[in-house]
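Presented below is the structure to which this report refers.
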Amino acid sequence: MVNHKIQEAEQNLLHIYNRFPVTLDHGEGMYLYDTDGKQYLDFAAGIGVTGLGYGNVELNEALKAQIDKLCHTSNLYYHENCGKAAKALASACGMDKVFFTNSGAEAVEGALKAARKYAWTKQSGRYEIIAMEHAFHGRTVGAVSVTGHAEYREPFEPLFPGVRFAVYNDLDSVKALVNEKTCAIILEPVQGEGGIRPASREFMEGIRNLCDAQDILMICDEIQCGCGRTGTMFAWQGYGVKPDILTMAKAIGNGIPVGAFAVTEKVAESSLKPGDHGTTYGGNPLACMAVGKVMEIFEKEQIVEHVKQVSPYLIQRLDELVKRLDCVVERRGKGLMQGLVVTRPFAEIHQKALEEGLLVISAEGNVVRLLPPLIVEEKHIDEMIEKLEKALTF
Ligand SMILES: *Cc1c(COP(=O)(O)O)cnc(C)c1O
């Protein structure tokens, strides 16, 4: 399908994204509208970004007021929003200290630097990072270095040295790579781009034990699976396995570009110090207003409680599709982070879903990825199933 508006726009945009043939205009709650006024039920939320949906009045009013007051101070001057957002985020994610970034990839970069600096401070001689096959951690060079898809890495090699890849959910494969040079193990508690694969409890616990035994740092990337998505505020809390470093982004700003990494007191004491790291925009008053407000709204509106209540219904309706349709072979996921493994080409399903007015995305090629705004209700799930079934069976 040729979309002339997109063709025109791309005259001056580097052609990097294979954009869908829809030009979005505005959003309201669970719905997005294109420039022709067509309505789409949103089961993608960007890519798990707009957890609170669209047009949240309280959030938008706070952001508008902040723009009128002050958007930038550089980090040479303290702004109250920054401390408030860090306090709210640290409390939500159960960590001690927070550093704000502008994106997820930057949060991963910071986490890797924090881990290397920790080993350097301890003079342990450790520098190797163990990452997981099928992992996705972002597009900057450091983040690509730990991304578990060879095709994302190879064009940019040589990358950040000392990275080894283990098989996700296979503790023995991790053990086989651990040695006296291992500095950190990085993983997503639920792999997103890698096809919506939740870690097993044994895997998370096993990694924690390996790390504890040898003073290796455990880094959890919760950029996609964090912020209420899986039915706990952060996914690690659902496993009861706390990382030493946690990366966040996507939903913590509900669309305002902001990420963060958080560390425990133990890491903070022996890691990045003034001069080691920084960012011009990171932690600016506008981004921090977004994070502070999002955390406040999550608490006030009991978003996590809502995810816990509504996700069994989504799972039930998706499991019915697996039973009913030959082209749907498996459902995987946790909470409102769900994937359907399909045997038909995603491009066809997607095209039909768009026609039906439904936004979904793919993961790892043959997985229909469902990441609705967390404010989704049963009636939206019913509407999605009806549209998706049409898209799967046309
Ligand atoms: C999206 C994502 C990133 C990268 O975040 P950006 O904001 O796009 O840089 C990193 N890790 C995971 C798990 C992600 O889903």
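First listed ligand is number 1; within each ligand, the first listed atom is number 1. Numbers here simply count residues along the sequence, with the first being 1.
The N/O atoms of E106, backbone and side chain alike, include none that comes under 3.5 Å of an N/O atom in ligand 1.
Annotation: cation-pi geometry satisfied between K334 and Y239 (NZ/CZ under 6.0 angstrom from ring centroid, within 45° of ring axis). For the pair R139 and Y152, the cation-pi test (distance below 6.0 Å, angle within 45°) is passed.
Below 30°, between 30° and 60°, or above 60°: for F20 and H350 the angle between ring planes is between 30° and 60°, a tilted geometry. Relative orientation of the Y33 and H26 rings is parallel, given thresholds of 30° and 60° on the angle between their planes.
Between the side chains of D215 and S124, no donor N or O sits under 3.5 Å from an acceptor N or O.
Atoms of ligand 1 found under 4.0 Å from any heavy atom of G138, numbered from 1 in the order shown, are 4 (C), 10 (C). With ligand atoms numbered from 1 in the order given, ligand 1 contributes 7 (O), 9 (O) to contacts under 4.0 Å with heavy atoms of S103. Residue E188 approaches ligand 1 through these ligand atoms, each under 4.0 Å from one of its heavy atoms: 13 (C).
Within a 4.0 Å radius of atom 15 (O) of ligand 1, the protein contributes one or more non-hydrogen atoms.
Nearest protein heavy-atom neighbour of atom 2 (C) of ligand 1: K250 NZ, 2.6 Å. Here the heavy atom of the protein found nearest to atom 9 (O) of ligand 1 is A105 N, 2.7 Å. Summary of contacts: the protein heavy atom closest to atom 11 (N) of ligand 1 is D221 OD2, 2.7 Å. In this structure, atom 6 (P) of ligand 1 lies nearest to the protein heavy atom G104 N, 3.5 Å.
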- Task: Start with the C-alpha distance between E128 and R164, add both sets of side-chain angles, then the distance that settles salt bridge (Lys or Arg N to Asp or Glu O under 4.0 Å), and finish with yes or no.
- Result: CA-CA 8 Å; E128 285 187 1; R164 295 149 158 270; 2.8 Å; yes

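Under the 4.5 Å side-chain criterion, counting only non-hydrogen atoms from C-beta, E222 is in contact with P189.
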